[in-house]
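One structure is given here, and the rest of the page talks about it.
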There are 2 protein chains.
Amino acid sequence: MDQRQALGAFAALSQETRLQIVRLLVVAGPEGMAAGALAEKVEVSPSNISFHLKELEHSGLIAAQRQSRSIIYTAHYESLGGLVRFLMEDCCSGHPEICAPAAEVAACCTPKMEETLR
Amino acid sequence: MDQRQALGAFAALSQETRLQIVRLLVVAGPEGMAAGALAEKVEVSPSNISFHLKELEHSGLIAAQRQSRSIIYTAHYESLGGLVRFLMEDCCSGHPEICAPAAEVAACCTPKMEETLR
DNA sequence: TGAATGATTCAAGGATGATTGAAATATGGA
DNA sequence: TCCATATTTCAATCATCCTTGAATCATTCA
């Protein structure tokens, strides 16, 4: 993830509806969610969710694939991980004060680290 | 860092000039940089840098303090760390696929983790 | 006080982003 | 083929953000 992509990702996540969409898709996992289901959850019009989904897709944070009549959207884990990495490494130069809290979170969710730290 | 603050932080970082400012201030450390020095580095007008600095200050990512004639800006490490944490924990629900790359970065910059992982 | 320096504020503009509803596209089933 | 479903596209409007230059404020020093 380079600076250009990071700028686009930050812009994409700076809008409430879009942030909600990403959170829902991360929780939904690899199966993803259909545009209509997202629209219902987020409580916006089909037209509106389509606009924001296209915006997110263009930023690379989510991906789309047609499945019968529905279009299924999934979170693009690599990009999200890349954004976290960019923020810690490229933007913040790996400053311990900034990355320390991230290490705590990482320790709680990555199995390998649980072993070494607990 | 709650969602409202995160949205503001993402918006603040989605602009090239502002992202550059944050990067410069993180590298500058606790001593920070004066508005004029930042304007020179980033190559924008005093008026323009002032606009973006105010935007960043309002988002909580940087702080300002007058020192004689200059106004010194510093990166607010807590907020930046909070943003990384929000992205990993609140937004991405601690998904290993997303947090794993962050763990690598964290391992490289936090002294305690270097011992346990190398 | 008066001049110089460093920075902010203000107003005007142009550009970009968000929302809305109507129309269009694509798929699946009767 | 015809209809219903799922979603996107389009055009118009409104709001927000970015940029620019001139004017203003705060500080230091002669």
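So you know, we letter chains A, B, ... as the sequences are listed, proteins then strands, and number each from 1.
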Tabulate protein N/O versus nucleotide N/O from nucleotides 26-30 of chain C, keeping only pairs under 3.5 Å, one per line.
none

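The side chain to side chain contact (heavy atoms under 4.5 Å, CB included) search around B:A75 returns B:L25, B:V26, B:Y77, B:L80, not counting sequence neighbours. Every residue two or more places apart in sequence or in another chain was checked for a ring pair (Phe, Tyr, Trp, His ring centres under 6.0 Å) with B:H76, and none qualifies. Residues meeting the ring pair (Phe, Tyr, Trp, His ring centres under 6.0 Å) test with A:F51, sequence neighbours left out: none. For A:Q15, the side chain to side chain donor-acceptor pair (under 3.5 Å) test picks out no residue, with sequence neighbours left out. The side chain to side chain contact (heavy atoms under 4.5 Å, CB included) test applied to B:A9 returns B:L61, B:L83, not counting sequence neighbours. For A:L7, the side chain to side chain contact (heavy atoms under 4.5 Å, CB included) criterion is met by A:Q3, B:E16, B:L19, not counting sequence neighbours. A:K41 meets the side chain to side chain contact (heavy atoms under 4.5 Å, CB included) test with A:L24, A:M33; sequence neighbours excluded.
Taking atom CG of B:L56 as the reference point, atom P of D:dC17 lies 14 Å away to the nearest angstrom.
For the helix from C:dT1-D:dA30 to C:dA12-D:dT19, the rotation axes defined at the first and last 5 base pairs enclose an angle of 20°, given to the nearest 10°.
Within residues 39-53 of chain A, the residues having any heavy atom closer than 4.0 Å to DNA chain C are, in order of number, A:S47, A:N48, A:F51, A:H52. Residues from residues 3-33 of chain B placing a heavy atom under 4.0 Å of any atom in DNA chain C do not occur.
At the phosphate of C:dG6, neither OP1 nor OP2 sits under 4.0 Å from any side-chain N or O atom of B:Y73.
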Using atom types as modelled, flag every donor-acceptor pair under 3.5 Å from a side chain in residues 66-73 of chain A to any protein atom, sequence neighbours excluded.
residue, atom, partner, partner atom, Å
A:R66, NH1, A:S68, O, 3.3
A:R66, NH1, A:R69, O, 3.4

